[in-house]
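The model shown is predicted, which means the values in this text are computed figures rather than measured ones.
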Amino acid sequence: MRVLFWGTPEFALPALRAIESAGHEVAGVVTRPDRPRGRGRKRAPSPVRRYAESRGHRVLTPGRPRDGAFVELVREIAPDVSVVVAYGHILSRELLEAPRLGSLNVHASLLPALRGAAPVNWAVARGHTVTGVTVMRMVEAMDAGPVLARAEIPIGETDTASLLSPRLAELGAVLLAETLARLEEGPVEEVEQDHDAATYAPKVSRATARIDWTEDARAVACLIRGMDAVPGAWSVLKGQPVKLFAPEVVEGESDGGPDPGRVVGADSRVGLVVMAGGGSVRIGEVQPAGKRRMEAVAWMLGRGVGRGDRFE
């Protein structure tokens, strides 16, 4: 089949490779325009653009994919199907319906759960024990189209969003290849979502990543794991922001915590332990403002934090 692929971040690359490996013709690759990245804020191509150009694919980087001229270009390309994986723009009905077989999306959740921009982050942050990927037919409403295939994987107690994301990307690539093979043979059964059961996963930000120490220890640990590595869960200590990583719930360290945010352990034996609204959390790694990510014990030895200090 002639496939028009839409994607931008690293997460999309396994799906594009799966399309190539299955022998489909990549009619074109649509990705976001180059944008400022890194500390120098120099404009750089997306991971998908870098890979697509290395493979000799035709690359399209529309600033406004809804423009009539771009819709006409897609029609001229005449793909059999569009495949969208973390592209970053909402597509119009004209774009979705331009391919002969319509448009499919690989979404990193078990729809209708976690519709939206950050399903991997929120699956971890909300304490889910299972997540997965869904291949759906795209409609104008966000992540609301009928489901063609889905597969699930467990979320471990130490899984972070940054560890879980590549596993989901690979799972989605396999599921996509299987779905395209079925689609080549004829119509594929499509199951409507239960829209009343939908939950949402909005884009994460610095504001959503701030730790609320009045929450119980498991909720705090889940948030820290869900915001790893970007944007990074954070709190304020001595007037300075500090990002926190690698949490572990500590049983029996406090009685429910009348003093959330207080450091109750800060030595090489117990590590960095912070009281939550119920229980306590051991922090394995930190990143103070303007510094690299480091072991929490090394930070403590440098007198970055001590017992009795308080995170706010």
Side-chain angles (χ1 to χ4, degrees), residues 2-22 24-67 69-71 73-74 77 79 81-92 95-96 98-99 103-109 116-122 133-136 138 142-143 160-177 180 201-206 227-232:
R2 281 175 57 80
V3 179
L4 181 62
F5 184 81
W6 307 63
T8 299
E10 291 280 348
F11 183 87
L13 290 178
L16 179 52
R17 294 190 187 105
I19 291 168
E20 294 173 324
S21 297
H24 298 294
E25 178 187 355
V26 179
V29 174
V30 188
T31 190
R32 298 286 294 272
D34 297 357
R35 54 181 289 190
R37 301 175 191 274
R39 289 190 175 183
R41 308 306 294 164
K42 293 182 179 179
R43 299 188 71 83
S46 71
V48 165
R49 178 172 185 170
R50 288 197 303 270
Y51 176 80
E53 289 181 339
S54 76
R55 299 287 293 169
H57 297 313
R58 180 182 185 181
V59 175
L60 307 169
T61 57
R64 293 177 54 86
R66 287 174 169 265
D67 284 352
F70 186 73
V71 175
L73 177 57
V74 170
I77 293 172
V81 64
S82 276
V83 171
V84 182
V85 186
Y87 169 56
H89 267 302
I90 296 176
L91 305 185
S92 66
L95 284 169
L96 296 177
S103 300
L104 305 181
N105 175 245
V106 179
H107 185 75
S109 81
V120 182
N121 300 90
W122 290 113
V133 291
T134 302
V135 177
M136 68 169 181
M138 297 181 72
M142 182 182 66
D143 301 329
T160 64
S162 53
L163 289 175
L164 189 60
S165 184
R167 289 177 10 218
L168 288 168
E170 294 293 343
L171 179 62
V174 172
L175 198 63
L176 172 65
L180 291 177
K203 184 177 180 179
V204 295
S205 66
R206 181 171 169 77
M227 298 299 119
D228 184 337
V230 177

Looking at [X] and [Y], what are the two nearest heavy atoms and their distance?
X	Y	result
Leu4	Gly28	CD1-O, 3.4 Å
Trp6	Pro65	CZ3-CB, 4.4 Å
Gly63	His89	O-NE2, 3.8 Å
Ser103	Leu95	OG-O, 3.9 Å
Arg66	Ser92	NH1-CB, 3.7 Å
Ala12	Thr8	CB-N, 4.2 Å

[X] side chain to [Y] main-chain N or O, any donor-acceptor pair under 3.5 Å?
X	Y	value
Ser46	Pro9	no
Thr61	Pro33	no
Thr31	Gly7	yes
Ser54	Tyr51	yes
Asp228	Ala161	no
Arg32	Gly88	yes

Should [X] and [Y] count as side-chain neighbours, where that means a heavy-atom distance under 4.5 Å?
X	Y	answer
Leu180	Leu104	yes
Leu73	Leu60	yes
Val29	Arg49	no
Trp122	Pro202	yes
Pro119	His107	yes
Val3	Glu25	no
Val106	Leu175	no

Exercise. More than 12 heavy atoms of other residues, nucleotides or ligands under 6.0 Å from CZ of Arg50: is that the case?
Worked result: yes
Problem set entry | Working for side-chain contact (heavy atoms from CB on, under 4.5 Å), residues Met136 and Asp143 | CA-CA 8 Å; Met136 68 169 181; Asp143 301 329; 3.5 Å; yes
Exercise. How long is the gap from CG on Leu168 to CG on Leu163, to the nearest 0.5 Å?
Worked result: 11.5 Å
Seminar exercise, completed: Separation between NE2 (His57) and CG (Leu16), nearest 0.5 Å, reads 5.5 Å
Exercise. Given Ile77 and Arg58, is the side-chain contact (heavy atoms from CB on, under 4.5 Å) satisfied, shown in steps?
Worked result: CA-CA 11 Å; Ile77 293 172; Arg58 180 182 185 181; 3.7 Å; yes
For this session: Give the intermediate values and the outcome of side-chain contact (heavy atoms from CB on, under 4.5 Å) for residues Val174 and Glu170.
Result: CA-CA 6 Å; Val174 172; Glu170 294 293 343; 5.9 Å; no
Exercise. Would Phe5 and Val30 count as a side-chain contact (heavy atoms from CB on, under 4.5 Å) if you check the C-alpha gap in whole Å, the side-chain angles of each, and the deciding distance to 0.1 Å?
Worked result: CA-CA 6 Å; Phe5 184 81; Val30 188; over 6 Å; no
Problem set entry | Residue among Asn105, Ile19, Val26 satisfying side chain to side chain contact (heavy atoms under 4.5 Å, CB included) with Val83 | Ile19
